[in-house]
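Naming convention: chains lettered A, B, ... in sequence-line order (proteins, then strands); numbering from 1 in each chain.
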There are 2 protein chains.
Amino acid sequence: MTAPDMPDDPDAPARLRTLPSRLLGMAAMHADRVVAAGLSAADARKWHYAALVALHDLGPASQATLSRRTGIHRSDLVAVINELADRDLVERRPDPEDRRRNVVSLTPAGARWLSHLDDLLRSLQDDLLRPLSGPEREQLVDLLTRLVDHHTGIRRPTEG
Amino acid sequence: MTAPDMPDDPDAPARLRTLPSRLLGMAAMHADRVVAAGLSAADARKWHYAALVALHDLGPASQATLSRRTGIHRSDLVAVINELADRDLVERRPDPEDRRRNVVSLTPAGARWLSHLDDLLRSLQDDLLRPLSGPEREQLVDLLTRLVDHHTGIRRPTEG
DNA sequence: AAACTAACGTTAGTGTCACTAACGAATGGA
DNA sequence: TCCATTCGTTAGTGACACTAACGTTAGTTT
């Protein structure tokens with residue numbers, strides 16, 4: 001029961017404090033903490049939310065396309081769907097048209113759960129972005145989107 | 001040596017694509033990849049750089065204060081210092097004034113190595129931020145700094 | 001028809017990351 | 001002298017983002 005001992009870096013050198021890659025990492029870490037803490041109070045994790053959103057907005061899908069839509073690796077998606085199916089939030093059944101596939105679909109309970117998580121997430125995003133004004137939040141989203149879009153699809157400059 | 005199979009999320013629902021916490025996570029991931037790949041070409045990792053910068057800018061320090069200055073957890077710092085000391089980039093010796101402590105200091109070779117890494121990192125940040133203009137980069141740094149500053153020091157809203 | 005290629009879901013395992021827990025040694029205050 | 005605290009260190013945890021391999025199923029080629 002000792003208090004956590006890392007006060008982040010109150011006195012880091014400026015060279016580190018202003019390094020964009022480091023700032024991104026730290027901001028992401030805080031974001032992850034806020035979101036994970038909030039979601040865990042609802043017994044959920046971000047992947048659960050991502051999967052539910054994809055199913056709701058884009059309809060039932062095989063695990064492979066769900067993987068593409070959420071960014072969850074297909075080998076990790078198995079467990080996520082297991083957990084959601086265990087709680088009857090999604091249904092997983094074999095695809096009669098292609099027996100390699102499972103079709104995953106949202107149940108009514110899943111849709112209700114999703115709208116609950118949605119409210120929760122909205123307020124978590126708000127916690128996260130508290131120090132920024134409305135326009136600043138849009139600015140941030142815009143800048144990050146352009147960054148991500150630019151780097152998406154690039155794997156490694158110096159690959160084998 | 002097969003190609004990576006995750007095209008990120010080309011067709012994720014908008015609700016996910018614009019979620020700030022998710023954007024932060026993805027941007028940070030890309031940033032980490034770019035930086036880690038660049039540094040690994042120089043046989044270094046970001047913690048090595050952070051430690052060297054802290055030693056250079058703020059002078060010799062015990063591992064505990066170095067931990068506070070870099071944000072590296074003190075239990076992880078051990079290995080970082082080991083690796084740097086193995087290459088004679090830093091020196092670790094017991095503090096005569098407090099025999100619990102080690103004093104870690106930069107060697108001349110460490111200083112040279114740091115300035116090399118500095119150049120490297122400058123160009124990596126540039127790669128990372130390529131899609132953004134100069135003012136936009138400053139904007140991003142400003143927004144992220146305020147975000148991080150705001151959340152720094154907060155541990156867990158729902159701690160035991 | 002047979003053979004090859006590829007996609008699917010699944011399991012197991014890897015390396016990194018941020019962190020907790022515990023330790024022995026040393027310090028400093030009551 | 002007792003006690004809490006700090007220090008460096010080791011070991012281990014849980015989440016994450018993968019890779020590798022598998023058996024199954026589906027298309028495509030010949």
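- Side-chain N/O atoms of A:Asp76 and base N/O atoms of D:dC18 include a donor-acceptor pair closer than 3.5 Å.
- Not one side-chain nitrogen or oxygen of B:Trp47 sits closer than 4.0 Å to the OP1 or OP2 atom of C:dT16.
- No donor-acceptor pair closer than 3.5 Å links the side chain of A:His48 to the backbone N or O of A:Leu84.
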Intermediate values then yes/no, side-chain contact (heavy atoms from CB on, under 4.5 Å), A:His150 and B:His30: CA-CA 10 Å; A:His150 176 257; B:His30 286 298; over 6 Å; no
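- At the phosphate of C:dA7, neither OP1 nor OP2 sits under 4.0 Å from any side-chain N or O atom of A:Arg68.
- With distances taken from any side-chain atom of B:Arg100 to the nucleotides C:dA25, D:dA17, C:dA22, the minimum falls on C:dA25.
- Between A:Arg92 and C:dT10, a side-chain N or O to OP1/OP2 separation shorter than 4.0 Å is present.
- For B:Asn102, a side-chain nitrogen or oxygen approaches OP1 or OP2 of D:dT9 to under 4.0 Å.
- For B:Met29, the listed nucleotide lying nearest its side chain is D:dA17; candidates were C:dG9, C:dA18, D:dA17.
- Counting only heavy atoms from C-beta on, A:Arg74 has its side chain closest to C:dC8 among C:dC8, C:dC17, D:dG8.
- Comparing atom distances between the A:His73 side chain and each of D:dT19, C:dT27, C:dG9 picks out D:dT19 as nearest.
- At whole-Å resolution of the value, CD in B:Gln63 and C1' in D:dT9 are 9 Å apart.
- Summary of the strand contacts: A:Ser75 and A:Arg101 both lie near DNA chain C, and taking for each the nucleotide with the nearest heavy atom, the more 5' one is attributed to A:Arg101.
- Taking atom CD of A:Glu97 as the reference point, atom P of D:dT24 lies 23 Å away to the nearest angstrom.
- Along DNA chain D, the nucleotide nearest A:Asp95 and the nucleotide nearest A:Asp32 are compared for position; the residue whose nucleotide lies closer to the 5' end is A:Asp32.
- Comparing A:Arg99 and A:Arg45 along DNA chain D, the residue whose closest nucleotide (by nearest heavy atom) sits nearer the 5' end is A:Arg45.
- A salt bridge does not link B:Asp95 to B:Arg99: none of the charged side-chain nitrogens sits closer than 4.0 Å to a carboxylate oxygen.
- B:Thr107 places a side-chain N or O within donor-acceptor distance of the main-chain N or O of B:Leu89, the cut-off being under 3.5 Å.
- Regarding A:Leu77, its CG atom lies at a distance of 12 Å from the P atom of C:dC8, rounded to whole Å.
- The backbone N or O of A:Leu132 sits less than 3.5 Å from a side-chain atom of A:Arg137, completing a donor-acceptor pair.
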